[in-house]
Amino acid sequence: MKEIKQFDVIILGGGLAGIYTALNIDASLHVGIFVKDALARGSSNLAQGGIAAEVNWDETKIEEHYEDTLRAGAYVNNPQATRIMVEEASKNIKKLIEIGVHFDTNEDGSLIMTLEGGHRSRRILHAGGDDTGAHMMHDLRSILNQHQNIDIYEDEMAIEILHNDNKALGVIVINQQNEEVYVLANKIVLATGGIGGIYKKSTNEKIACGDGIAMAYRAGVTIKNMEFVQFHPTGFYVEDQIGKTFLISEAVRGEGGILRNIEGVRFMEKYDKERMELAPRDVVSQAIHREMFDTWSDHVYLDITHKSKEFLMNRFPTIYQYCLEHGIDISKEYIPVSPVEHFLCGGIDTDVSGHTSMQNLYAIGECANTGVHGANRLASNSLLECIVFGGRVAEEINQEKDTFGKINVVLPDLTFTHKKFNFKDIRVEIRDVMSKYGFIVRKEEDLLLAKKLLTKHYHNLKKINVFSRYYYETLNMVTVALIIIEQALERKESIGCHFRLS
Ligand code: SIN
C-alpha cells in the first residue's frame, strides 16, 4: 500500500524563495514545505553581502538599478522581468520588515546601505554586518512557526514530479524512514536552489545538486541559460581545499578592497579601467583567472589593510573572525582569494509569475530562469529575485484557490531496486570534469570531452532505478552538469560569465 499525502500547495526547498512564498500564501490553504536537509540550510543562509533594493520610491534610482542589472547581465536579461524586480523591490522589503525581518540600521533608524560590484550607488541592505542571509533566515524561521497552515518536512527528498498531460499533480518523496510517499497538490513550487555541488569548489553547500532542475528536466519542462554559471571572484583560498568555500563578500571591495596579484601588484586597471575592483563578477573573475595564469599561481590577494581594525571588525564581523581563525588578520595582511562557483543564472524557464512550461508547476529563486540575471547576475540581486518572484507566485496561487480540489491520479507503477551503492566515484568525476572543462574559460574540445564523459555516467545511472538519496543526487548532478555542457556548446560566443576561448 503506497502512502499518499495531499496538500493545496507544496513547496520544494526551504531557502528564502520557498519560505517567503509560503508566508505569502493565503492562510486558508494547506501548504507543505519539503526539504531534503534541514530548513534554511541552503545558499540563502550563506548570503553575506545583502539584498539590493531602492527602498524609497525614486524613479531615477530605480531606473539606475534596472540599467545596472542589464549592464551586468550583458543585456541578455528579460527586460520585463528585470523591470518588475527593481520596481517591486521596495514593497517586498517593506513587507519583510513589517513581518519581523531585521536589517542593519543607523542610529536614527534609517537603513544602512552598502555598495558592491556593478552598482553605481549604495543600495544594498544588510543584516548582522556581513551575515545577511543567516540573520534573515533566523527571523523568517520563527515567523514561519506562527503559521498553522504550513507543515514542514525536513530530511524528506522529492525525487520525481508526478504529471499527466503536461499538468503537474505532485511529487514522489523519500521520507525520513526511507519509504516512498506520494505527495499530491494543486500547485507545486520548485525552490530547490543551485548547483554548486557539481563543482569541486563552490560557495554553496555540497547539497546543492540541482535537484529541482533535474527533476523538471525528466518531466519534460523547459530549462534555459544553464551555460551562465557565475563564479564569485573572491572565495577564501586554502591550498588543496575542496568542497564548500568560505566567501569573502563583494562588499569588501565595495568598501575599498583592492585586488593584487601574487607579486602584490594591483591589476584591475588592465581589465576595466573605469570600474576597477567594482566591475561585475564575470569581468573580475575572468581578470583574476588571467592574472593567475600569467603569474603561474592559483590565487591572488584582496587587500583591505588600509581600513582600521575597528571598522573591519564592525562591518565584517564574520569575515574578520573566519580569516583570523585561518591565520590572517585582515587589518594587517592580504586575504588569499580565488574564483569559485557561486550562482546559476539560468534554470527552469519561467514567465514573470513563476509559471514553468508545465501547468501547475512554478519555479522560483536560483533554480528558476526568470531572465532577470541575463548572462551574469548583479551582486545582491539573488535574494531580491527570491522575494519579488516568490511574492508573485504566492499571489497567482491565491487567485486560483477557489478552483482547488482533491487530486485524482493513477499512481505510476515504478519499480525501484534497493541497494546501498553510494556512487561516490561518479560524484568525484562529475566535479573534476566540471571544474576542469566547465569552469571560467571554455573550449570546444574540452566541452566535447566533458559531454562524452558525463553522457556515459548519465546513461549508466538511468539504466538502474535505485531508491536512495545518493542515487537521485548523483543522477541530478550528472543531469544538470550535462545540460550546462550541452548549452555551453550551443552558445559559441563569449558573453557574461560564459567565456569561450574556442
Ligand atoms: C557577496 O556577498 O559577495 C555575495 C552576494 C551575492 O552573491 O550577491
Side-chain angles (χ1 to χ4, degrees), residues 15-17 42-53 65 68-69 72-73 85-86 89 93 103-104 112-119 122-137 193-196 199 201-205 208 228-237 244-257 259 275 277-285 288 302 304 312 315-320 322-323 330 335 337-345 365-366 370 372-374 376-388 496-497:
L16 180 62
S43 298
S44 304
N45 196 48
L46 298 170
Q48 291 182 353
I51 179 161
H65 188 185
D68 289 351
T69 302
M85 181 176 75
V86 298
I93 293 289
F103 294 100
D104 294 339
I112 305 178
M113 301 287 182
T114 192
L115 185 66
E116 288 183 329
H119 290 272
R122 287 186 172 260
R123 62 165 79 95
I124 296 150
L125 292 79
H126 46 86
D130 57 359
D131 206 16
T132 308
H135 275 68
M136 287 178 75
M137 296 313 284
I195 52 109
Y199 282 87
K201 286 187 183 192
S202 167
T203 58
N204 302 179
E205 299 283 356
F228 298 132
V229 178
Q230 181 175 74
F231 301 94
H232 197 292
T234 57
F236 185 76
Y237 167 82
K244 188 181 145 206
T245 303
F246 183 76
L247 180 68
I248 306 296
S249 174
E250 189 148 334
V252 175
R253 278 177 284 133
E255 299 293 351
L259 286 164
R275 295 172 294 181
E277 279 82 4
L278 284 178
R281 282 181 194 159
D282 53 343
V283 176
V284 181
S285 284
I288 294 177
L302 182 58
I304 189 77
L312 293 171
R315 178 64 187 85
F316 300 114
T318 317
I319 293 171
Y320 183 86
Y322 185 91
C323 291
I330 67 170
I335 312 168
V337 291
S338 66
V340 291
E341 193 283 340
H342 182 59
F343 186 84
L344 178 67
C345 302
E366 192 172 346
T370 54
V372 295
H373 306 308
N376 171 60
R377 173 170 68 78
L378 181 67
S380 286
N381 266 353
S382 56
L383 297 182
L384 179 61
E385 180 192 26
C386 290
I387 58 169
V388 169
C497 47

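Just so you know, ligand 1 is whichever comes first in the structure, and atom 1 is the first atom listed for that ligand. When a residue number appears, it is its place in the shown sequence, counting from 1.
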Is there any N or O on [X] that sits under 3.5 Å from an N or O of ligand 1?
{"X": "S249", "value": "yes"}
{"X": "G50", "value": "no"}
{"X": "N381", "value": "no"}

| said: So, using ring-ring contact (aromatic ring centres under 6.0 Å, His included) as the criterion, who are the partners of F103 when residues are at least two apart? | reply: none
Atoms in ligand 1 flagged as close to [X], the criterion being non-hydrogen separation under 4.0 Å:
{"X": "E250", "value": "1 (C), 2 (O), 3 (O)"}
{"X": "G49", "value": "1 (C), 2 (O)"}
{"X": "H342", "value": "4 (C), 6 (C), 7 (O)"}
{"X": "A379", "value": "8 (O)"}

[X] heavy atom under 4.0 Å from ligand 1:
{"X": "A47", "answer": "no"}
{"X": "S380", "answer": "yes"}
{"X": "R281", "answer": "yes"}

| query | Do you know which of H373, R281, H65 makes side-chain contact (heavy atoms from CB on, under 4.5 Å) with L378? | reply | H65
| Between R253 and ligand 1, which residue portion shows a heavy-atom distance shorter than 4.0 Å: side chain, backbone, both, or neither? | neither
| query | Considering only heavy atoms, does L247 approach ligand 1 within less than 4.0 Å through its side chain, its backbone, both, or neither? | reply | side chain
| said: Looking at E116 and R122, is any side-chain nitrogen of the basic one under 4.0 Å from a carboxylate oxygen of the acidic one? | reply: no
Side chain [X], main chain [Y], donor-acceptor under 3.5 Å:
{"X": "E385", "Y": "V372", "answer": "no"}
{"X": "Q48", "Y": "D131", "answer": "no"}
{"X": "R253", "Y": "E277", "answer": "yes"}
{"X": "S44", "Y": "L16", "answer": "yes"}

| query | Aromatic ring centroids of F343 and H232 under 6.0 Å? | reply | no
